[in-house]
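Since the structure is predicted, the reported quantities are computational estimates derived from the model, not experimental observations. Letters A, B, ... mirror the listed sequences (proteins, then strands); counts begin at 1. Below, each value reflects all heavy atoms present in this structure, side chains not excepted, and no hydrogens, waters or symmetry copies.
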Amino acid sequence: SAPAEDTGSASGDFEPITDISLQLQWLPQAQFAGYYVALDKGYFEDEGFDNVDIIPSGGDIVPQDALVAGDVDFAVAWVPKVLGTLEATGAELTDIAQVFQKSGTLQVSFKGDGVADVADFEGKRIGSWGFGNEWEIFAAMAADGLDASSVSITTQDFSMNALLDGDVDAAQAMTYNEWAQILEVVNPATGKLYQPGDFDVVSYEDTEGAMLQDAIWADTARLDDPAYADAAVRFLKAVTKGWIFARDNPEEAASITYDAAVNAEAAFPVGPVHQTWQMNEVNKLIWAGGDFGLVDQAAWDKTVAGALAAVNQDGINLISGEPADSAYSNEYIKKALEELAAEGMTVGGEYTPIDVVLTEGGQ
Amino acid sequence: MIELAVNARGVGKTFPTKDGDVVALTEVELTVEAGEFVSLIGPSGCGKSTLLRLIADLDPASTGTLEIFGKPASQARVDQDYGIAFQQAGLLPWRTVAGNIALPLELHGMAKPARAARVAELAELVGLTEFVDRYPDQLSGGMQQRVAIARALAEQPRLLLMDEPFGALDEMTREYLQGELTRIAAETGAAVVFVTHSIPEAVFLSDRVVVMSPRPGRITEILSTGLDDIRDEALRESPEYFERVTAVREALHGIPVERANER
Amino acid sequence: MIELAVNARGVGKTFPTKDGDVVALTEVELTVEAGEFVSLIGPSGCGKSTLLRLIADLDPASTGTLEIFGKPASQARVDQDYGIAFQQAGLLPWRTVAGNIALPLELHGMAKPARAARVAELAELVGLTEFVDRYPDQLSGGMQQRVAIARALAEQPRLLLMDEPFGALDEMTREYLQGELTRIAAETGAAVVFVTHSIPEAVFLSDRVVVMSPRPGRITEILSTGLDDIRDEALRESPEYFERVTAVREALHGIPVERANER
Amino acid sequence: MTRQRAGIAWGALGVLAVMALWELYKALGPAEGFVVGAIAGKTGSGVMLLPRTNDRAMPHIWDMVARLFQSTSGGDTPPLIVPVVTACLTTLGIVAVGWLIGVTVGLLLGLVMQRWRLAEWGLLPWIVVSQTVPLIAFAPILASIGSQVDRAGSIPWPQWLSVAIIASYLAFFPVAVGVLRGLEAPDRIHLDLMRTYAAGYWQTLLSLRLPAAVPHLLPALRLAAASAVVGAVVAEVSIGMRGGIGRMLIQLAGQGSSDPAAPWGPTFGSIALGLVAAGTVALIGFGLRNYRRGEATS
Amino acid sequence: MTTTSNAVRTPPVWVRVVAPITVGVVILVIWIVAVDVVKAAPRALPSPIAITNEFVLRSGIIVEDMGITASNALIGLVAGAIVAIVLAALAATSRPVDGMLAPLVAAIAVVPIVALTPILNTMFGASSQFGRQSVAAIAAFVPVFVNVLRGLRQTRPVHRDVLRSSAATGLQTFRVLTLPTALPYLMSGLRIASSIAVIAALVAEYFGGPADGIGTAIATYAKSGRASLAFAYVAGGIAIGLVFFLVTSLLEWLVSRRKPV
Ligand SMILES: Nc1ncnc2c1ncn2[C@@H]1O[C@H](COP(=O)(O)OP(=O)(O)OP(=O)(O)O)[C@@H](O)[C@H]1O
Ligand SMILES: Nc1ncnc2c1ncn2[C@@H]1O[C@H](COP(=O)(O)OP(=O)(O)OP(=O)(O)O)[C@@H](O)[C@H]1O
Ligand SMILES: [Mg+2]
Ligand SMILES: [Mg+2]
C-alpha cells in the first residue's frame with residue numbers, strides 16, 4: 001500500500017514522525033485486537049511508522065494521564081473518564097476516533113433476585129470495579145431518579161466471585177470479558193456451565209446511562225503541529241485497517257492478539273476461546289452500522305448528559321460543565337477513512353457475529 | 001539417718017565448645033547434711049560456680065547423680081527447696097530494690113501486705129532500708145550484691161546456695177552479714193553451700209571447707225573445722241581458728257603455690 | 001615540683017533522683033603524684049566508684065575542680081592518659097578473650113602483629129593463655145575479671161584506675177597479681193588509684209591509703225604507709241605492715257563499728 | 001546440626017499441618033461460611049467468622065498443585081509453573097536491588113537519628129508517616145519522573161528501577177526504626193568503656209553500637225526483605241511493569257471465577273520468592289551468630 | 001530512663017514538638033516551591049495549597065471515610081498484635097512451635113496484599129469490612145511477631161537463672177522477665193505495625209469490599225484526574241498514621257524501662 005509521503009495529508013514542510021507509542025487502558029487482550037493486528041500485519045509500517053510501542057496498563061497508570069504527561073503519543077481510554085480528567089486538570093485532549101460505538105457494560109444478577117432493571121437497584125448491593133468504571137451506573141440511576149446513596153456499592157475485584165458467592169446482588173461485567181467468565185463457570189445446580197438464561201442482565205447501552213467507551217485520544221495542543229496531525233491520521237489509518245481485519249477475520253485477530261500477549265508481552269491472558277469470544281463481542285460494539293471511529297454527535301451528547309447527571313456516593317459529580325469543543329474531532333478519522341476508502345476498503349457497516357462456544361475455565 | 005541436703009555422687013560437668021570439650025567438673029563426691037554449713041574454696045575457674053549451678057539445677061550434670069533432700073535436683077528446684085545468690089547480682093533493672101527483693105515472694109504468691117513487711121525486714125537486714133525505692137543502676141556495686149543476698153534469703157529456704165555473696169563488701173559490712181548469715185542459718189536450720197575466696201571467711205562460717213582444684217575442676221580435700229556453734233568476734237581471735245585457717249591455706253596452696261611461682 | 005597525676009579540689013557529686021538529690025561525694029581533696037599508688041577504701045556506697053568515674057571523666061563532677069596531669073579530666077580522657085578496670089568486668093560478649101584484651105589497642109590503631117604479641121603477653125600475665133579464644137560467657141567470674149584487668153593494662157597508661165579488680169579472685173591469684181601490679185606500676189612509673197575492700201591489700205600495695213565514709217561520701221583520713229618500695233612475701237609478715245593494717249582498720253571502723261553494733 | 005535438621009522437620013510439619021487443616025476444614029466446614037449477626041432476609045448482612053469452603057474460595061490443594069503443571073493460558077503455552085518461576089526470578093532481581101537501596105537508606109537514617117536526638121525528633125514521625133502514603137499516590141508520579149528522565153536521554157531509567165525504588169520505599173522503614181533502637185541498645189558499662197578509650201563516634205559505632213544492634217538489626221533486615229517483596233509486587237502492578245510476578249498475579253486473579261486454582265500459582269510464586277529473600281537474611285543472621293551470644297534458645 | 005554522660009545530649013523537651021513541625025514545614029515549602037513556583041513536579045503531584053482547599057471543601061466525606069479506614073486499621077492492628085504476641089510467646093517457649101510457625105510466618109510476611117485481599121474477600125465475603133480488617137491484622141502481625149520473638153530471646157542468662165532458680169512457672173517468667181525484656185522490641189514492632197496496618201487497610205480497599213474508605217476514594221480520584229482531591233484523602237491517611245504513631249510513642253514512653261547496669 002501507499003507509503004507515508006503519498007498520503008498527502010500535509011504540505012510536507014515537516015519531518016514525518018516515525019516512532020509513536022500508544023497507551024492502552026488494560027492488559028493485552030482482544031479488546032485491543034485492532035492495534036495488535038496492525039502491528040502484526042505491518043499496517044503501521046505501511047503508514048510510515050518504524051516503531052510503534054503499544055503499552056499495556058493494568059495498574060495505576062491512567063492512559064489519559066500518561067498522554068497528558070507526554071509519556072505516550074496516543075491513548076485508548078473511556079470517554080467519561082477522560083472528560084472527568086479534562087475538567088479536573090484543565091488539560092486538553094481530543095477524541096480523534098471513537099472505536100467503540102456502544103457501551104459494553106452490563107449489570108448482571110441471578111434470575112429471581114429481582115434486579116432486572118435500573119429501578120430495581122434501590123436498596124441493593126451493586127458491584128462495580130470503581131475507579132471511574134462506576135459512572136454509567138450513577139448516570140443510569142440518576143435518570144431513574146435514584147440517588148447514589150440508595151444503593152450500597154461494593155468494589156469488585158478482578159474476578160466475578162462476588163456475584164457467584166452472593167456478596168453483591170448485581171455485578172458489573174463487560175460483555176466481552178466478565179460476562180464470558182461467568183458463563184465459563186459450572187452451575188452447581190445443573191453440573192453444566194451457567195447459561196445466559198440463569199441471569200438478569202441490565203445492559204447500560206439500553207439505559208440513559210450509556211456512555212461512550214474505548215476511544216483514541218490525542219494531545220489537543222500537539223494537533224496544531226502538522227507533523228503530529230499527520231501522524232494521527234496515518235496512525236488512525238493503520239488502526240482502522242487492523243480493526244477491519246478483526247471484523248473480517250475475528251478468529252485470526254483473536255489469535256494474533258493472544259500470541260502477542262503470550263509472546264511479546266509475557267502476559268498471561270485468558271485462554272484462546274475466551275479471546276475469540278471477546279473479539280466477537282468487541283466487534284459488535286465497534287461495527288454498529290456507521291463508519292469506523294466516527295464520533296456520533298447524539299451518543300456524545302448522551303455521554304455528556306450522563307456525566308453531568310451522575311453523582312457518586314461521595315456526592316461528587318463526574319463533570320459540572322460541558323466539555324470544551326476540542327474534546328472530540330472527526331477531522332482526523334474522516335481523513336483516514338477517506339484515504340482508506342480510496343484504497344478500496346469497506347470502512348463501515350454491521351458485523352456478522354460468529355458462534356463462540358465457551359468452555360469451562362476459558363482455556 | 002540424717003537427711004542429706006545435697007548428695008552428689010560422681011558428678012561431672014563438661015561443656016562442649018568449638019575447640020573440643022571443656023571438663024569443668026569431674027568426679028565430685030559431696031554430701032551436705034541438713035543444717036550444715038559448707039564452703040567451697042579454690043582457685044579461679046576450678047568449677048565452684050559450676051557445681052553450685054548443678055545443685056540449683058540451672059545446668060544438667062553430665063555424669064553422676066545429684067540429689068537434693070533425697071530428690072532429683074530438678075524436683076528440688078520446682079519445690080523451691082533452696083535460695084540462691086549469684087556471683088553477679090542479676091537484678092532486674094526495671095524493678096526497684098524492693099521489687100527485686102520481693103520477686104520470689106511475688107512469684108510464689110505471697111499476699112501483698114505480708115510481702116511488704118518481709119521486704120522491709122530484709123532491706124533492714126542488708127542495710128538498705130533507705131534505698132528500697134531506688135533502681136539497680138542507682139546503687140553501688142556492694143549495694144546491688146546486698147539486694148541479691150536479701151532476695152536469696154527472702155523465703156527462708158532449707159538450702160542456701162551462695163556464690164561469693166560478700167565479695168564486693170567492705171570488711172565491716174561483710175563481718176556483720178557473716179554474723180547474720182550464721183544466725184539465720186542456725187535459726188532456720190538451713191544448710192548452706194557457700195563459695196568464697198576468703199580462707200578466714202570459709203573457716204569462720206563453715207562446719208566443713210571443701211577445697212577444689214582446677215583443670216579439671218575437682219574436690220581435692222574436705223576439711224572439718226570442728227569449731228563449735230558460736231561464731232563471734234572472740235572466735236576470730238582464737239588459736240583453733242588460726243590453726244584451721246592455716247590448714248585450709250595449706251590444702252589450697254599445695255599445688256597452686258608452685259604453679260604461681262613457676263611464672 | 002612533682003607532676004600530679006590526680007588533683008581534686010573540693011570535688012563533689014550529686015545525683016538527681018525522683019526523691020531528691022543524692023549526695024554521693026562531697027568536698028573531696030585528693031592529690032595523687034605521678035607514680036604514686038593510692039588505695040581507696042571505705043564501706044559499701046561511700047562513693048569510691050563514683051570518685052573513680054569522675055577521675056575517668058565518665059561523669060562530670062558537680063562541684064570543685066579536677067585535674068589529671070595538669071589538665072581537665074575530659075582532656076586526659078581524650079589523651080588516653082589512663083587505663084581503667086571497672087567493678088564489673090564489662091566484656092563485650094561477641095568478642096573472644098583476645099578480642100576483648102585487644103580492644104583498646106585496636107581502637108588506638110596498633111598494628112596487627114604488635115597487637116597479637118601484646119595480647120599474648122597480657123593473657124600470659126593474667127594466666128589465661130589457654131583461654132584466648134573463648135567467649136566471655138564461657139569463662140568463670142574470676143576469669144572475666146582477669147580479662148578486664150589485662151585490658152586495663154594493655155596500653156601501659158600513666159594512670160591506672162582500678163575498681164576492686166581482685167574482688168573475685170582467689171588468694172593465690174590475687175597475691176600473684178598484686179605482685180605483678182606493683183611491678184608493672186614501678187616499671188612504667190604509673191600512678192594507680194585502687195579501690196579495694198581488703199585492708200591488707202590496700203596496705204600492701206599502697207603508698208597512701210584513702211579512707212572514705214558514706215552519707216555523704218567523703219574522705220575521712222589519708223594514711224601514708226611509709227613502707228619501702230619492695231613488696232614481697234616478707235613484707236606481708238613484717239611488723240610495720242601489721243601496724244599499718246591496724247591503723248587503717250581503726251581509721252575505717254571509727255564510726256562504722258558503732259553503726260554495725262546498733263542493729 | 002541436628003538442631004537445624006529438627007528445625008526443618010518441624011517447619012515441614014507446620015506446612016503439612018496447615019495443608020491438612022485446609023483440607024479438613026474444606027471437608028467439614030459450612031459451604032457458605034459461618035455468619036453471626038445476619039439479619040433474616042437481608043443477604044450479606046452479619047459478620048462471617050468462618051470462611052466459605054466452596055472451590056472458588058478454597059480450591060483443593062491438589063487442584064492448586066495440578067494447576068501448576070497445566071498450560072498457563074491454554075493453547076500451547078507452557079505449564080503454569082514455568083512462567084511463574086521466570087516471573088519470580090525477574091522480580092527477585094528487582095527485590096534485591098530494592099532491598100539494598102532500602103537497607104542503605106534505612107541504615108543512614110537510623111545512624112543520623114541515633115547520632116542527633118534532634119534529627120530523631122524531627123524525622124522519625126515523618127518516616128513513620130511516610131509509610132501511610134499509599135503506593136497508588138506516588139507510584140504513577142515516580143513512573144512519570146522515571147520515564148521523563150529516561151526520555152531526556154542522559155541517564156537511563158528503566159521501568160524496573162522505578163519498581164525497585166518503590167520496593168525500597170517500603171524496605172527502608174523497618175531498617176531505620178530497627179537501627180535506631182539497636183544503636184541505643186549497648187549496656188551502659190560498655191558505653192562507659194568506650195568513653196574511657198576516648199573512642200570517637202565511628203569507633204564506638206563499629207566496635208560497640210553496631211555489634212550490640214545485631215539483635216535489633218536482624219528482624220529489621222528480615223522485615224525489609226519481606227517488605228521489598230511486597231513492595232516490588234505491588235509496584236509492578238501499580239506501574240504496569242511487564243515480566244514480573246505482580247503482573248501475573250492480577251492477570252490470573254482476573255480468571256479467579258472460572259479457573260480458581262490459577263491465581264494460586266503466582267501467589268505461591270510470590271511466597272516462594274519471599275521465602276528465598278527471608279532465607280538469605282537468615283543466612284546473614286547465622287553468620288552473625290557470635291553477636292547473639294546469650295540469646296535464649298529455649 | 002536515666003541519662004548518663006554518654007547519652008546523646010538531649011535538647012529541651014519543647015524541641016520535641018517543634019522539631020517535627022519544622023521538618024514538616026520545610027517539606028511543605030519545598031513541595032510548594034517545586035509545584036507552584038518552579039512547576040517542576042509531575043502533574044500527578046498537586047500543590048499542598050490545592051490539597052488543603054480540597055480537604056477543607058470535602059472535609060465531611062473525608063473524615064467519614066477516615067473513620068472507616070482507621071477503624072479497620074485499628075481492629076486489624078489490635079487483633080494482629082495480640083495474635084502475634086501470643087504466638088511469639090509460644091514460639092519462644094517451645095521449639096516445635098517455633099519450627100512449625102517459622103515457615104508459615106515467613107510466608108505470611110511476603111504474601112502481597114494484591115494476592116491476599118481477593119482471596120480473603122472470596123473466603124469471607126466481599127460485602128463486609130472483614131477482609132480489610134484481616135489484611136490489616138496480617139500485615140500488623142508480621143512485624144510484631146518477628147520483633148517480639150527476637151525480643152523474647154534477649155533475656156540475660158543471669159536473669160533467666162534467677163527466675164529458674166525461683167522455680168518460676170513459664171507464665172511467671174514470661175510476665176516478670178521475658179516480657180519486660182522484650183518490651184522495647186515489642187514497641188519497635190508495634191511502631192512499625194501501626195503504620196503498616198494503616199497502609200494495609202487502605203490498600204486492601206482497592207481490591208474489593210464496600211466502596212468506602214480512604215483507599216477507594218484515593219484510587220477513584222487519582223484515576224479521574226482529581227489529584228488534589230486524591231491527595232486530600234492521602235492527607236487523611238497520613239493523619240490516621242500520625243495518630244497511630246503518637247499513640248504508640250505514648251505507649252513506648254509509658255513502658256520505657258531501665259537499661260541493664
Ligand atoms: N558455658 C561454658 N562453656 C565453656 N566453658 C565453661 C562454660 N562455663 C564455665 N566454663 C568453664 O568451666 C570452668 C569452671 O568455671 P566456674 O565458673 O565454675 O569457675 P569458678 O570456680 O566459679 O571460678 P571463679 O572463682 O573465677 O568464679 C572454667 O574453666 C570455665 O572456663
Ligand atoms: N546514678 C545514680 N543515681 C543515684 N544515686 C547513685 C547513682 N550512682 C551512684 N549513686 C549513689 O552514690 C553512692 C555512692 O556509690 P558508689 O558506687 O560510688 O559506691 P562505692 O563506694 O563504689 O560502693 P561499693 O563498694 O558498694 O561499690 C551510693 O549511695 C549510690 O546509691
Ligand atoms: Mg564462679
Ligand atoms: Mg563501687
Problem - Option that, when pairs with chain D are counted at under 4.5 Å, heavy atom only, ranks first among E:G24, E:A230, E:A219, E:G215 - result: E:G24
Practice task
Kindly give the heavy-atom pair with the smallest separation between D:P134 and E:I218, and that separation in Å.
Solution key: CG-CD1, 3.6 Å
Completion exercise
Per side-chain contact (heavy atoms from CB on, under 4.5 Å), D:P174 is matched among E:N147, E:V142, E:I192 by E:I192
Practice task
To the nearest 0.5 angstrom, please state how far the CG atom of D:L223 sits from the CD1 atom of E:I196.
Solution key: 7.0 Å
Problem - E:L202 portion near chain D, given a 4.5 angstrom heavy-atom threshold - result: side chain
Handout entry: Heavy-atom proximity to chain D below 4.5 Å, by part of E:V146
Key = both
Problem - Side chain proximity check, E:V198 to D:Q131, heavy atoms < 4.5 angstrom - result: no
Exercise for the section: Begin with the C-alpha distance, continue with both residues' side-chain angles, and end with the deciding distance and a verdict on side chain to side chain contact (heavy atoms under 4.5 Å, CB included) for E:M100 and D:V15. Expected result: CA-CA 7 Å; E:M100 282 167 69; D:V15 174; over 6 Å; no
Problem - Least distance between heavy atoms, D:V129 atom then E:G241 atom - result: CG2-C, 4.4 Å
Handout entry: Expected output: side-chain D:W126 to main-chain E:P20 donor-acceptor under 3.5 Å
Key = yes
Completion exercise
Minimal heavy-atom distance between D:P219 and E:R150, with the atoms involved, is CD-NE, 3.7 Å
Practice task
Would you mind reporting whether D:W10 and E:V97 have side-chain heavy atoms less than 4.5 Å apart?
Solution key: no
Exercise for the section: May I ask you to name which of D:L180, D:V234, D:V133 has the most heavy-atom pairs under 4.5 Å with chain E? Expected result: D:V133
Problem - Reported CZ-to-CG distance for the pair E:F245 and D:L124, which is rounded to 0.5 angstrom - result: 4.5 Å
Problem - Positions in residues 270-280 of chain D that reach chain E, provided some heavy atom is under 4.5 Å away - result: D:S270, D:I271, D:G274, D:L275
Handout entry: Structural part of D:L170 lying under 4.5 Å from a heavy atom of chain E
Key = neither
Fill in the blank from the handout: If you tally heavy-atom pairs under 4.5 Å between each of D:M58, D:H216, D:H190 and chain E, the highest tally belongs to D:H216
Handout entry: Region of E:S195 that comes under 4.5 Å of a non-hydrogen atom in chain D
Key = both
Exercise for the section: Examine whether an atom of E:I119 lies under 4.5 Å from a heavy atom of chain D, and if so say whether it belongs to the side chain, the backbone or both; otherwise answer neither. Expected result: side chain
Handout entry: Pairwise distance CG(E:L116) to OG1(D:T267) - rounded to 0.5 angstrom
Key = 9.0 Å
Problem - Residue selection (most heavy-atom pairs with chain D, distance under 4.5 Å) from E:V23, E:V18, E:I21 - result: E:V23
Problem - Pick from D:V229, D:V128, D:V233, D:L16 with the largest number of heavy-atom pairs that fall under 4.5 Å of chain E - result: D:V128
Fill in the blank from the handout: Here the gap from E:I238 atom CD1 to D:S130 atom OG, rounded to the nearest 0.5 Å, amounts to 9.0 Å
Problem - Contacts of type salt bridge (charged side-chain N to carboxylate O under 4.0 Å, His left out), residue D:R222, not counting sequence neighbours - result: none
